[in-house]
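Before any comments, here is the structure.
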Amino acid sequence: MQAPERDPLTRPDGTPLRILTVDDEASLTDLLGMALRYEGWEVTAADTGLSAVQAARDVRPDAIVLDMMLPDFDGLEVMRRIRTEQPQVPVIFLTARDAVDDRVHGLTAGGDDYVTKPFSLEELVARLRGLLRRSGATTVRPDSQLVVGDLSLDEDSHEVTRGGEPIQLTATEFELLRYLMRNPRRVLSKAQILDRVWNYDFGGQANVVELYISYLRKKIDSGRPPMIHTLRGAGYVLKPGRA
């Protein structure tokens with residue numbers, strides 16, 4: 001694996017990115033904190049679900065590294081509670097090596113990525129950097145607009161509009177839409193989408209693609225001429241809707 005880039009990632013106003021780590025293993029949170037501070041980020045640690053919810057309320061993190069198993073309640077419940085106040089915050093789940101169900105549930109419930117324990121700090125930081133870029137939490141570049149028909153997406157600010165109306169997406173929904181918009185009128189298979197959006201073999205769980213396509217359709221196409229189309233046995237294609 002290549003070493004992660006060392007160009008500094010900051011918020012658009014130049015202040016350090018804020019990361020919340022949630023795990024009840026003190027040694028792990030200490031190591032995570034050291035690795036993330038090395039990136040120049042501010043790190044807040046929590047060791048229970050309740051303390052994580054309170055910490056998220058206090059610091060308003062740009063991303064959360066969240067263990068699935070906590071002493072009081074699980075990571076899915078922590079994410080649900082935090083996202084009632086911060087619906088766009090990206091979440092990376094930490095899961096046990098063989099907990100395939102945890103991974104699937106975490107992603108289908110709205111998580112953006114996962115890493116399995118034990119993991120390398122280098123891998124986690126690389127995943128987190130990619131997620132922060134996708135989520136729009138980092139500095140904004142000019143000329144970052146993708147436009148297909150009346151659908152517009154800013155790759156850095158995370159702003160999406162259709163017909164001038166804003167559309168709120170999670171980080172993973174945003175990355176999926178960006179991939180579709182970078183390839184307009186091109187049929188993309190489930191395997192291609194898994195590889196590009198999730199960056200790894202999802203163990204044959206191609207249904208996660210169907211799930212996220214359905215999420216996007218509800219937000220992009222609802223009440224409008226459809227732009228996202230299914231080609232049976234081939235994949236999905238995005239093209240301008242016709243009135």
Side-chain angles (χ1 to χ4, degrees), residues 1 3-6 8-11 15-97 99 102-138 158 170-172 174-175 197-200:
M1 178 177 174
E5 304 168 26
R6 289 301 174 197
L9 292 183
T10 67
R11 295 177 133 200
T15 58
L17 289 160
R18 301 171 187 168
I19 311 299
L20 173 61
T21 63
V22 188
D23 198 294
D24 61 342
E25 296 180 44
S27 59
L28 178 58
T29 53
D30 287 347
L31 285 172
L32 277 174
M34 289 174 58
L36 300 179
R37 289 186 184 96
Y38 180 69
E39 298 291 318
W41 303 336
E42 293 181 357
V43 181
T44 301
D47 58 5
T48 67
L50 285 174
S51 62
V53 172
Q54 184 58 53
R57 187 174 293 126
D58 292 341
V59 305
R60 309 291 296 184
D62 297 297
I64 301 171
V65 180
L66 177 58
D67 191 18
M68 285 292 282
M69 300 300 295
L70 295 166
D72 44 2
F73 44 85
D74 66 24
L76 296 179
E77 177 63 14
V78 175
M79 181 178 69
R80 187 191 69 78
R81 295 191 187 192
I82 290 175
R83 281 193 169 163
T84 59
E85 298 182 16
Q86 301 171 67
Q88 305 304 317
V89 64
V91 174
I92 292 182
F93 280 113
L94 305 179
T95 72
R97 178 186 295 274
D102 280 352
R103 301 177 221 165
V104 176
H105 291 160
L107 291 179
T108 56
D112 299 288
D113 203 349
Y114 73 84
V115 293
T116 55
K117 296 180 177 181
F119 55 85
S120 75
L121 291 174
E122 183 182 72
E123 177 188 8
L124 178 61
V125 170
R127 294 275 190 91
L128 196 50
R129 287 172 69 88
L131 186 57
L132 286 161
R133 284 195 178 99
R134 297 200 302 268
S135 72
T138 59
H158 206 285
T170 67
T172 302
F174 176 83
E175 181 67 6
V197 177
W198 281 272
N199 298 312
Y200 46 77

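What you see below is based on every heavy atom in this structure, not just the backbone, and it leaves out hydrogens, waters and symmetry mates.
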Partner set under side chain to side chain contact (heavy atoms under 4.5 Å, CB included) for L31, not counting sequence neighbours: L121
Apply side-chain hydrogen bond (donor to acceptor under 3.5 Å, both in side chains) to T29 and list each qualifying residue two or more places apart in sequence or on a separate chain. none
Give me each pair satisfying side-chain hydrogen bond (donor to acceptor under 3.5 Å, both in side chains) with a member in residues 45-56, each pair once, sequence neighbours excluded. T48-S51, Q54-R57, Q54-D58
Keeping to residues at least two apart or across chains, list the salt bridge (charged side-chain N to carboxylate O under 4.0 Å, His left out) pairs with something in residues 86-95. none
Checking R37 now: which residues fulfil side-chain hydrogen bond (donor to acceptor under 3.5 Å, both in side chains) with it, not counting sequence neighbours? none
side-chain hydrogen bond (donor to acceptor under 3.5 Å, both in side chains) partners of R81, counting only residues at least two apart: E77
side-chain contact (heavy atoms from CB on, under 4.5 Å), that's the test. Do Q88 and F174 meet it? Break it down for me. CA-CA 10 Å; Q88 305 304 317; F174 176 83; over 6 Å; no
One pair to check against side-chain contact (heavy atoms from CB on, under 4.5 Å): D23 and K117. What are the steps and the verdict? CA-CA 12 Å; D23 198 294; K117 296 180 177 181; 2.9 Å; yes
Test item: D62 side-chain N/O and R18 main-chain N/O as donor-acceptor pair under 3.5 Å: yes
Is there side-chain contact between E25 and L94, with at least one heavy-atom pair below 4.5 Å? no
Tell me whether D112 contacts the main-chain N or O of V91 through its side chain, where contact means a donor paired with an acceptor under 3.5 Å. yes
Who are the side-chain hydrogen bond (donor to acceptor under 3.5 Å, both in side chains) partners of T84, not counting sequence neighbours? none
L66, D72, D67, L20 screened by side chain to side chain contact (heavy atoms under 4.5 Å, CB included) with V78, the one that passes: L66
Counterpart residues, side chain to side chain contact (heavy atoms under 4.5 Å, CB included), relative to T15 (two or more places apart): R11, D13
